Amino acid sequence: MDLSIELGNELVQGSILVTMGALYVYQNNFEDAIDCFNKGLIIWERLDHQQFRMNTLLNLGGAYVNVEKYDLALEYTLKAKEGYLDMHNLGGVAGAYNNIGRIRTAQGDYLNAIKSYESELKIMQEIDQKEGVLRSLGNIGFAHLNSGNYSKAIRFCEQSYGMALQLELLYNQKINCECLYEAYQKKGDYKRSLDYFEESVKLKDSILSEENQRETIRTEYQYEYDKQALSDSLEFAKAEAIKDLEIEKQQAELSQQRIGLAASGIGLILIIALAVSIYRGKKRSDELLLNILPEETAQELKAKGSAESKLIEDTTVLFTDFEGFTAMSENITASALVKDINECFSAFDHIMEKHGVEKIKTIGDAYMAAGGVPTPSPTHVRDVVLAALEIADFMKNWAAEKETKGEPHFDIRIGVNTGPVVAGIVGVKKFQYDIWGDTVNTASRMESASDVGKVNISESTYNKLKD
């Protein structure tokens, strides 16, 4: 943040402020979240950026609900809703209806809460956002539960629970079981009530166990990855040292053969050798830089000593995440798991290069890439979708090969979204090229809502690709 202020880059400042606000929300620190969102909103209004402004207004509305400032929550949410309608952003409108439902529920106005959640549900069904559909159904069920209509609460929560089972979303299974436990209890059906209570307890234990296990796996994965990276670095250094010794040996032999040359001739040889050494060192550093940063950004960094972050109005973001990663880790060692992940990610890298898509980063067992960054491309949507489909095919064949060998394997979920992002470099040490914005968050949500082995694209991506 300090670096973005020093450089006067308001795009990065705004993105960092909103991201910090989201982290504060995750920590239930809503006062600091509101402060960050308000500061970010000032920047988006000054830059007149409609998309980021609406997203921040919606976040503010949600944060104000949690501190029981319902008038402010409704004011900001309605502003966001109107902006999203003008932009024809159905996902944003659905998010606004969700906020309004939460506000009305907190105020005890369950009838209007249900109406808002039903509007959200209609949009989620229209854009085929399955996770959004099950969330809306669950919200309607809880609103009916709170209003005393237990039969309708059961109907909607059972629909939501069924979808959560299909999508293997443990948290959504748990909260729907809690709704069904209470609704059946109120209706006097104690057997079913007890069944759902026991299931909710099991799910709570599973969620805690999975979170702890995933953290352990990620720690082991990082250790094995670092160890492998160190090993590779040592091997590289060893190979380079051998090359350097060979060059020195050849130069010594050359000097012996030409011992009779004049001093000027010897000086020329030394200058040439020095020039070759400098060239080789520069070539190595350039290759390393291009392995970390996009070429355009690397050239800017070398020329100016810094690279400005920029708003890219139209890009396509790809997210992947492995399904069955946790379960597979129970059957193989951490080093074997890292070997499999490295094999898959290496294949993904080649696929990205083939389709002209920029790899952004890996996060644990997730892989992120984007088309149209940092250089805009008229074919970025097609490029990313083709790359995503090729990843899906690779994983299908990889899993089939594993099965023939009787070895465990994981599957993949892939999500794609198109829209504006802020792109650039952050930090002064171990810096990396990254992208921020709601487009990235939506791509991640598309991945989490994807069917296993499939590519789930957003409405914005579909609209650009359908013709």
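Keep in mind it's a predicted model, so treat the numbers as computed, not measured. Heavy atoms only: backbone and side chains are in, while hydrogens, waters and symmetry mates are out.
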Worksheet entry | Test item: Y84 and K79 side chains (from C-beta on) under 4.5 Å apart, heavy atoms | no

Discussion item. Before you tell me yes or no, could you show the steps for L121 and V133 under side-chain contact (heavy atoms from CB on, under 4.5 Å), namely the whole-Å CA-CA distance, both residues' side-chain angles and the distance that decides it to 0.1 Å?
Written reply: CA-CA 6 Å; L121 174 62; V133 170; 3.8 Å; yes

Worksheet item: Quick one: does T439's side chain have a donor or acceptor within less than 3.5 Å of a partner on P420's backbone?
Response: yes

Fill in: Sidechain-backbone polar pair: T333 side chain, A336 backbone, donor-acceptor under 3.5 Å
yes

Item to complete: Write down the atom of G138, the atom of N176, and the distance for their closest heavy-atom approach.
Response: CA-OD1, 3.8 Å

Worksheet item: What's the shortest heavy-atom distance between F319 and S444, and which atoms?
Response: CD1-N, 3.6 Å

Worksheet item: Given I391 and I414, is the side-chain contact (heavy atoms from CB on, under 4.5 Å) satisfied, shown in steps?
Response: CA-CA 9 Å; I391 285 176; I414 306 173; 3.8 Å; yes

Item to complete: Check for a donor-acceptor pair, side chain of S160 on one end and backbone N or O of L134 on the other, with a separation under 3.5 Å.
Response: yes

Practice prompt. Mind running side-chain contact (heavy atoms from CB on, under 4.5 Å) on E118 and I140 for me, showing each step along the way?
Written response: CA-CA 7 Å; E118 285 174 343; I140 294 170; 3.8 Å; yes

Worksheet, complete the sentence: Residues passing the ring-ring contact (aromatic ring centres under 6.0 Å, His included) test with H144, sequence neighbours excluded, are F156

Worksheet item: Is the number of heavy atoms from other residues, nucleotides or ligands within 6.0 Å of NZ (K402) greater than 12?
Response: yes

Worksheet item: Given the side-chain rings of F345 and F322, with only the six-membered ring counted for Trp, is the space between their centroids under 6.0 Å?
Response: yes

Worksheet item: Any side-chain heavy atom of C344 within less than 4.5 Å of one from Y367?
Response: no

Item to complete: Measure the CZ-OH distance between R192 and Y196 for me, rounded to the nearest 0.5 Å.
Response: 7.0 Å

Discussion item. With a 4.5 Å cut-off on side-chain heavy atoms, are F52 and L311 touching?
Written reply: yes

Worksheet, complete the sentence: Between the CD1 atom in I114 and the CG atom in N139, the distance rounded to the nearest 0.5 Å is 11.0 Å

Worksheet item: In this structure, are over 12 heavy atoms from other groups packed under 6.0 Å from E407 atom CD?
Response: yes

Worksheet item: Considering all heavy atoms of both residues, which atom of V357 and which atom of A369 are nearest to each other, and what is their separation?
Response: CG1-CB, 3.9 Å

Fill in: Heavy-atom closest pair, residues A94 and M124
CB-CE, 3.7 Å

Fill in: Ring-ring centroid check F37 W44, cutoff 6.0 Å
no

Discussion item. I'd like to check the side chain to side chain donor-acceptor pair (under 3.5 Å) partners of H409; sequence neighbours left out, ordered by chain and number.
Written reply: E403

Worksheet entry | Ion pair check, K405 and E401, cut-off under 4.0 Å | yes

Discussion item. Is it the case that the side chains of T442 and R445 hold a donor-acceptor pair, with the cut-off being a distance below 3.5 Å and no angle test?
Written reply: yes

Worksheet entry | N/O donor-acceptor pair under 3.5 Å between Y117 side chain and R102 backbone | yes

Practice prompt. Without swapping roles, check the side chain of N66 against the backbone of G62 for a donor-acceptor pair under 3.5 Å.
Written response: yes

Worksheet item: Counting only N and O atoms by type, is there a donor-acceptor contact under 3.5 Å from the side chain of D365 to the main-chain atoms of I341?
Response: no

Fill in: Donor-acceptor side-chain pairing of S450 and N456 below 3.5 angstrom
no

Worksheet entry | Nearest-0.5 Å distance, CG of residue N99 to NZ of residue K81 | 12.0 Å

Worksheet entry | Stepwise side-chain contact (heavy atoms from CB on, under 4.5 Å) test for V25 and F30 | CA-CA 6 Å; V25 168; F30 301 111; 4.0 Å; yes

Worksheet item: Out of curiosity, Q50 CD to D86 CG, how far, rounded to the nearest 0.5 Å?
Response: 7.0 Å

Item to complete: Look at atom CZ of F197 and say whether more than 12 heavy atoms of other residues, nucleotides or ligands are closer to it than 6.0 Å.
Response: no

Worksheet, complete the sentence: G141 and A153 have their tightest heavy-atom pair at O-CB, 3.3 Å

Item to complete: Begin with the C-alpha distance, continue with both residues' side-chain angles, and end with the deciding distance and a verdict on salt bridge (Lys or Arg N to Asp or Glu O under 4.0 Å) for K174 and E178.
Response: CA-CA 6 Å; K174 182 181 81 72; E178 291 169 354; 3.0 Å; yes

Discussion item. How about NZ on K359, more than 12 heavy atoms from neighbouring residues, nucleotides or ligands closer than 6.0 Å, or not?
Written reply: yes

Worksheet item: Rounded to the nearest 0.5 Å, how far apart are CG of L389 and CD1 of I457?
Response: 9.0 Å

Worksheet item: Is there a donor-acceptor pair closer than 3.5 Å between any side-chain N or O of S119 and the backbone N or O of K115?
Response: yes

Discussion item. Taking the side chain as everything from C-beta on, heavy atoms only, tell me whether L203 gets closer than 4.5 Å to E199.
Written reply: yes

Worksheet, complete the sentence: Taken to the nearest 0.5 Å, the spacing of M54 CE from Y76 OH works out to 12.0 Å

Item to complete: Keeping the roles fixed (side chain from N342, backbone from V338), state whether a donor-acceptor pair exists under 3.5 Å.
Response: no

